[in-house]
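Below, chains carry the letters A, B, ... as their sequence lines are ordered, and counting in each starts from 1. What you see is a predicted model; the values in this text were computed from it and never measured.
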2 protein chains.
Amino acid sequence: MQKRADPRLLDAERLIQERLGDRRLDFDSMLAVSNIYRAATAVRRRAEKGVLSEFGLSWGGFTTLWVLWVWGEMQTADLADECDLSKGTLTGVVKTLERRGFVERTRVESDRRRVTVSLTEAGLDTIESLFPRFNLYEGEMVGELSTAEKQELAELLRRVIVTADAEGTEGAEGEEEKVERP
Amino acid sequence: MQKRADPRLLDAERLIQERLGDRRLDFDSMLAVSNIYRAATAVRRRAEKGVLSEFGLSWGGFTTLWVLWVWGEMQTADLADECDLSKGTLTGVVKTLERRGFVERTRVESDRRRVTVSLTEAGLDTIESLFPRFNLYEGEMVGELSTAEKQELAELLRRVIVTADAEGTEGAEGEEEKVERP
DNA sequence: TAATATCTGTTTGGTAGCAAACGAAATCGG
DNA sequence: CCGATTTCGTTTGCTACCAAACAGATATTA
């Protein structure tokens, strides 16, 4: 149903094709990928300007709080993993959350290299009153989609995530399990 | 077809529901939104570590180069708009691209507040050899999807983008054209 | 034309994000 | 035990990103 009906896109497609000369252009893939990125930016921006700003939280800060709420006290490395952040970035995010009084760090006695992060009372109160509102906001963001479409969208994206997260640079079969390459 | 088959997700859903008590959880929306974000992160990371790193470009830098290539010399404000960046951010991105020798700034004589940005020879060479490779990479990212699925994904995301970009905080009809609110 | 308002890009101050270097702590090999 | 290696989290240096304050140029209007 009227895919590519936007004349702006047709314009762009024609212009790109001109620039490319006779090289092939995979327009469908281009549009899919760029829309993933634009949607993420729009959704994040809207969240940070709306719900999250009232609590002084960024997207990453919220995610971290949420993970701690759902899974409980965690070690830094696991937390970084669960939040999909590098450990260096996580140190910064936790530092900010700590300054705001939402979380606290505890050095592990049995292995003093390790540090665990947990919610403070204030952090718990915050996420408990914030999450329901955040979930409502999520509902608004995909409010134009039916339930089936939401599930379809999530599933299509899941397949993209799996591909993008795969280790290999060109991944022939795509089932290499973290093989080290010299 | 086996939606929510991931036991990890069922676990999470149960845990969240426990934390929420008897408040309602819109799991479908949550999953859709969080997958949008995770897919964007994965896709961006993969691009920056792969194709883009060879050219010393970030995602934003690439986008800017691409826009200039397709649409030609542009004024800063329009460029920021087209790249979906704030004007302040664009200043920084252009500064980096300038340092790398990809673009150049020109002050407009007829209105000396304005500045236009255009590709240098090196910038043109770069985007011309980079884009085909980037487009291949885009194809890989959505390589598990059929053409119809790519179009379906793009269309679903387009609807999310429209919703998230809408001005109003709760936007009754959602057709307000940038109305100023006091 | 002179005061004022508006528009343009830049700067500033803050957070986020990554990779790589780092230092402290634990573990392993002899 | 003791030196070497590995495993932690943090720090560092860089880029990106935003909002808000800013300064210079242009428009407006009295």
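- Environment of CD in B/Glu73: crowded, with over 12 heavy atoms of neighbouring residues, nucleotides or ligands closer than 6.0 Å.
- One side chain, B/Lys150 or A/Ser29, offers a donor N or O that lies under 3.5 Å from an acceptor on the other.
- Ranked by how close their nearest DNA chain D nucleotide is to the 5' end, A/Asp78 and A/Thr41 are led by A/Asp78.
- Within 6.0 Å of CD in B/Glu144 there are 12 or fewer heavy atoms belonging to other residues, nucleotides or ligands.
- Here B/Glu149 pairs with A/Arg159 in a salt bridge; the nearest charged N to carboxylate O distance falls below 4.0 Å.
- Contacts between chain A and DNA chain D, taken as any atom within less than 4.0 angstrom of a protein heavy atom, begin and end at D/dT7 to D/dA19.
- Applying the side-chain contact (heavy atoms from CB on, under 4.5 Å) test to B/Ser86 and every residue at least two apart in sequence or in another chain returns B/Thr89.
- With sequence neighbours left out, the side-chain contact (heavy atoms from CB on, under 4.5 Å) criterion links A/Ser53 to no other residue.
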Protein-nucleic acid N or O pairs under 3.5 Å, nucleotides 12-16 of chain C:
unit_1 : atom_1 : unit_2  : atom_2 : d
C/dT15 : OP1    : A/Arg99 : NH1    : 3.0
C/dA16 : OP1    : A/Ser58 : OG     : 2.3
C/dA16 : OP2    : A/Thr96 : OG1    : 3.0

- Kindly express the pairing pattern of DNA chain D in dot-bracket notation, using | wherever a base pairs with another strand and counting only Watson-Crick or G-U pairs under 3.5 Å. ||||||||||||||||||||||||||||||
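- Partners of B/Glu48 according to the salt bridge (Lys or Arg N to Asp or Glu O under 4.0 Å) rule, which considers only residues two or more places apart in sequence or in another chain, are B/Arg44.
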- Item | Derivation of the side-chain hydrogen bond (donor to acceptor under 3.5 Å, both in side chains) call for B/Gln75 and B/Asp78 | CA-CA 6 Å; B/Gln75 296 196 356; B/Asp78 298 332; 5.8 Å; no
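- Note that the NZ atom of A/Lys87 and the CG atom of A/Leu79 stand 14.0 Å from one another [nearest 0.5 Å].
- Remark: B/Glu98 pairs with B/Arg105 by the salt bridge (Lys or Arg N to Asp or Glu O under 4.0 Å) rule, at least two apart or across chains.
- Under the side-chain contact (heavy atoms from CB on, under 4.5 Å) criterion, A/Glu121 pairs with A/Leu124, A/Asp125, not counting sequence neighbours.
- Qualifying ring-ring contact (aromatic ring centres under 6.0 Å, His included) partners for A/Phe55, counting only residues two or more places apart in sequence or in other chains: none.
- Contacts of B/Thr76 with the nucleic acid, taken as non-hydrogen atoms under 4.0 Å apart, involve only primed sugar atoms and P, OP1 or OP2.
- Contact check of residues 101-114 of chain B against DNA chain D (heavy atom, cut-off under 4.0 Å) returns B/Asp111, B/Arg112, B/Arg113.
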- Kindly determine whether A/Glu140 and A/Arg46 satisfy salt bridge (charged side-chain N to carboxylate O under 4.0 Å, His left out), including the steps that lead there. CA-CA 11 Å; A/Glu140 284 170 25; A/Arg46 183 60 166 266; 5.3 Å; no
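- Taking the six-membered ring for Trp and the full ring otherwise, the centers of A/Trp59 and B/Tyr37 sit less than 6.0 Å from each other.
- Contact check of residues 120-131 of chain A against DNA chain D (heavy atom, cut-off under 4.0 Å) returns no residues at all.
- Take B/Asp84 and apply the salt bridge (Lys or Arg N to Asp or Glu O under 4.0 Å) test, not counting sequence neighbours, and it matches A/Arg45.
- When the P atom of C/dA20 is taken as reference, atom NZ of A/Lys87 falls 12 Å away, rounded to whole Å.
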